[in-house]
Student: 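I'd like to ask some things about the structure below.
This chain uses plain numbering: 1 for the first residue, then up along the sequence. Predicted model only: the values in this text are computed from it and were never measured.
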Amino acid sequence: MHKVFIMEALECLKRIEKESIQTIYIDPPYNTKSSNFEYEDAHADYEKWIKEHLILAKAVLKQSGCIFISIDDNKMAEVKIIANEIFGTRNFLGTFITKQATRSNAKHINITHEYVLSYAKNKAFAPGFKILRTLLPIYAKPLKDLMRTIKNVFKQKGQAQAQLVLKKQIKELSQKEHFNFLKNYNLVDEKGEIYFAKDLSTPSNPRSVAIQEINLFLEPLKSRGWSSDEKLKELYYQNRLIFKNNRPYEKYYLKESQDNCLSVLDFYNRQGTKDLEKLGLKGLFKTPKPVELIKYLLLCSTPKDSIILDFFAGSGTTAQAVIEVNKDYYLNWSFYLCQKEEKIKNNPQATSILKNKGYKNTISNIMLLRLEKIIKSHEYEILKTKSILF
């Protein structure tokens with residue numbers, strides 16, 4: 001169930017059930033004291049203020065939960081010290097570096113990056129950070145192009161020709177940095193999908209296999225065992241059991257290939273601006289985070305049927321990320337958003353857009369208008385029935 005809280009973040013956190021949240025993403029004020037933002041970016045005692053929020057955030061996280069904190073150089077050191085104190089240095093998972101622009105206006109160093117700090121509530125129970133290679137910026141286009149090419153050749157000229165083209169393409173791509181893994185994905189199946197064949201022997205005692213149900217009979221190997229009968233039957237019924245030289249292998253599809261999450265990310269802030277433009281909301285918010293960045297962090301870390309919390313929701317990027325991932329990957333994530341009813345500053349265009357749409361001049365209404373647009377553009381009728389506004 002999606003929930004939207006229009007209130008101060010601390011009050012919101014106090015209302016959420018303890019140990020109910022799997023993943024938290026926040027993009028808090030950076031305390032730059034700049035007058036350029038729509039919201040209040042300065043706090044008299046920033047360290048105390050952020051500490052109060054992180055203490056409550058830890059309380060609502062599940063034991064397996066993780067938190068991601070966007071921050072820049074202005075307060076990165078202070079926030080990391082506070083987060084280390086609250087979550088423990090043993091639960092620090094790492095720092096993502098996000099590229100923000102090609103140039104900055106800095107006098108000395110051309111700063112073009114920000115950070116996302118990541119912590120587990122309890123590292124021992126936190127999920128491993130894995131993600132589909134097709135979602136990693138360095139792999140996405142080359143792999144999708146490769147799969148599209150092979151599928152087209154398969155449809156037009158058949159499996160044998162597709163296999164020859166794949167061999168040639170892999171030879172070229174695998175010479176690039178980070179693409180050596182492709183050498184394993186050297187086969188095309190009867191549907192034109194690229195895969196590699198994983199051996200089904202195991203480091204165990206040799207044994208024979210006799211599964212009449214699927215007509216599978218295997219002689220024992222000399223020094224290794226076979227995967228369990230249950231595993232072999234499961235692969236058979238999933239159409240993932242194949243044979244080479246009368247020996248069984250498991251199909252591993254390229255489209256399902258995973259890798260550890262990379263720490264340096266090419267998600268530029270201007271992408272967040274374009275996300276709003278695509279919804280017909282150009283100029284509604286000056287510094288929205290890119291939807292793809294939030295998707296990336298969530299897909300790295302968040303199992304099915306999880307609740308994701310953003311208690312500095314801003315323009316509602318996290319909600320859009322959750323909705324789109326649910327649609328594309330058939331997950332069942334829920335989002336909890338919290339944004340206080342704060343009057344908009346320094347953005348007359350946002351004020352005008354909200355007025356024309358019948359909304360009052362507040363940051364929280366920027367979020368609500370974006371949610372309305374997402375519902376209409378993606379036809380998410382379910383959101384209307386599942387959302388609860390507090």
Side-chain angles (χ1 to χ4, degrees), residues 2-12 25-43 46 49 53 70-72 74-75 98 100-101 104-105 114 267-295 308-324 335-378 380 383-384 387 389-390:
H2 306 301
K3 295 185 179 182
V4 180
F5 300 83
I6 309 299
M7 61 181 65
E8 292 278 355
L10 288 176
E11 182 60 31
C12 167
Y25 170 79
I26 54 170
D27 182 22
Y30 295 174
N31 213 47
T32 61
K33 299 178 175 62
S34 170
S35 60
N36 190 44
F37 297 109
E38 294 98 336
Y39 52 87
E40 182 59 52
D41 187 55
H43 294 271
Y46 184 84
W49 177 83
H53 287 81
S70 281
I71 201 70
D72 69 358
N74 192 57
K75 284 294 179 184
T98 64
Q100 298 301 304
S104 71
N105 295 320
E114 290 184 359
F267 295 115
Y268 295 95
N269 264 357
R270 65 175 179 269
Q271 292 174 249
T273 303
K274 289 180 179 178
D275 293 332
L276 284 178
E277 289 179 10
K278 289 176 184 177
L279 293 171
L281 299 174
K282 183 178 181 179
L284 187 65
F285 200 71
K286 294 179 181 178
T287 56
K289 283 292 185 282
V291 173
E292 292 301 321
L293 168 63
I294 312 304
K295 284 184 183 179
I308 293 142
L309 169 65
D310 184 345
F311 54 84
F312 293 118
S315 69
T317 302
T318 298
Q320 185 171 342
V322 168
I323 288 167
E324 292 184 1
F335 62 75
Y336 287 9
L337 299 186
C338 178
Q339 178 58 49
K340 69 178 180 178
E341 198 169 15
E342 178 183 354
K343 190 174 181 179
I344 296 171
K345 305 186 303 180
N346 306 311
N347 192 338
Q349 188 173 355
T351 301
S352 177
I353 293 171
L354 289 171
K355 184 178 179 180
N356 291 337
K357 298 292 184 180
Y359 285 89
K360 292 182 180 179
N361 181 35
T362 66
I363 302 293
S364 54
N365 281 334
I366 289 177
M367 174 186 68
L368 293 177
L369 176 57
R370 183 176 193 165
L371 284 174
E372 179 187 321
K373 286 286 187 177
I374 295 167
I375 293 166
K376 289 179 179 177
S377 64
H378 295 284
Y380 285 111
L383 189 60
K384 293 180 180 179
S387 290
L389 184 61
F390 287 81

Student: Applying side-chain contact (heavy atoms from CB on, under 4.5 Å), name anything that partners Glu114, two or more places apart in sequence or on another chain.
Tutor: Tyr30, Asp72, Thr98, Gln100, Asn269, Lys289
Student: To the nearest 0.5 Å, what is the distance between CG (Leu337) and SG (Cys12)?
Tutor: 9.0 Å
Student: Identify the heavy atoms of Asn365 and Lys360 that sit nearest to each other, and give their distance.
Tutor: ND2-O, 3.0 Å
Student: Phe335 and His2: which non-hydrogen atoms are nearest, and at how many Å?
Tutor: N-ND1, 3.1 Å
Student: At what distance, to the nearest 0.5 angstrom, does CE of Met7 lie from SG of Cys338?
Tutor: 6.5 Å
Student: Sequence neighbours left out, what passes salt bridge (Lys or Arg N to Asp or Glu O under 4.0 Å) with Glu11? Give chain and number order.
Tutor: Arg15
Student: Taking only residues two or more places apart in sequence or in another chain, which ones pass ring pair (Phe, Tyr, Trp, His ring centres under 6.0 Å) with Tyr359?
Tutor: none
Student: Lys295: which residues meet the side-chain hydrogen bond (donor to acceptor under 3.5 Å, both in side chains) condition with it, sequence neighbours left out?
Tutor: Glu292, Glu324
Student: Out of curiosity, Lys286 NZ to Leu276 CG, how far, rounded to the nearest 0.5 Å?
Tutor: 14.0 Å
Student: Does atom CD of Glu341 have more than 12 heavy-atom neighbours from other groups under 6.0 Å away?
Tutor: no
Student: Between CG of Leu371 and CG of Leu368, what distance do you get to the nearest 0.5 Å?
Tutor: 6.0 Å
Student: Restricting to ring pair (Phe, Tyr, Trp, His ring centres under 6.0 Å), what partner residues turn up for Phe267, sequence neighbours left out?
Tutor: Tyr296
Student: Taking side-chain hydrogen bond (donor to acceptor under 3.5 Å, both in side chains) as the definition, give me every residue that meets it alongside Ser70, ordered by chain and number, with sequence neighbours left out.
Tutor: Tyr25
Student: Taking all non-hydrogen atoms of both residues into account, name the closest pair between Phe312 and Gln339 and its distance.
Tutor: C-OE1, 3.9 Å
Student: Please state whether the rings of His43 and Trp49 are parallel, tilted or perpendicular, taking 30° and 60° as the class boundaries.
Tutor: parallel
Student: Using atom types as modelled and distance alone, determine if a side-chain donor or acceptor of Asp275 lies under 3.5 Å from a backbone N or O of Val291.
Tutor: yes
Student: Backbone N or O of Ile71 within a donor-acceptor pair of the Asp27 side chain at under 3.5 Å?
Tutor: no
Student: Please check this pair: side chain of Asp310 against backbone of Ile26, looking for a donor-acceptor N/O pair closer than 3.5 Å.
Tutor: no
Student: Nearest 0.5 Å, please: how far is CD1 in Ile366 from CD1 in Ile344?
Tutor: 3.5 Å
Student: I'd like to know whether Lys376 forms a side-chain contact (heavy atoms from CB on, under 4.5 Å) with Leu279, so could you lay out the CA-CA distance, the side-chain angles of the two residues, the decisive distance to 0.1 Å, and finally the verdict.
Tutor: CA-CA 9 Å; Lys376 289 179 179 177; Leu279 293 171; over 6 Å; no
Student: Which side-chain N or O atoms in residues 349-357 pair as donor and acceptor under 3.5 Å with protein atoms at least two apart or in another chain?
Tutor:
{"residue": "Gln349", "atom": "NE2", "partner": "Lys282", "partner atom": "O", "Å": "3.1"}
{"residue": "Thr351", "atom": "OG1", "partner": "Asn347", "partner atom": "O", "Å": "3.3"}
{"residue": "Thr351", "atom": "OG1", "partner": "Asn361", "partner atom": "OD1", "Å": "3.0"}
{"residue": "Asn356", "atom": "ND2", "partner": "Ser352", "partner atom": "O", "Å": "3.3"}

Student: Can you measure from CE (Met367) to CD (Gln320) and round to the nearest 0.5 angstrom?
Tutor: 14.0 Å
Student: Any chance you could lay out the side-chain contact (heavy atoms from CB on, under 4.5 Å) test for Leu10 and His53, step after step, and finish with the verdict?
Tutor: CA-CA 6 Å; Leu10 288 176; His53 287 81; 3.6 Å; yes
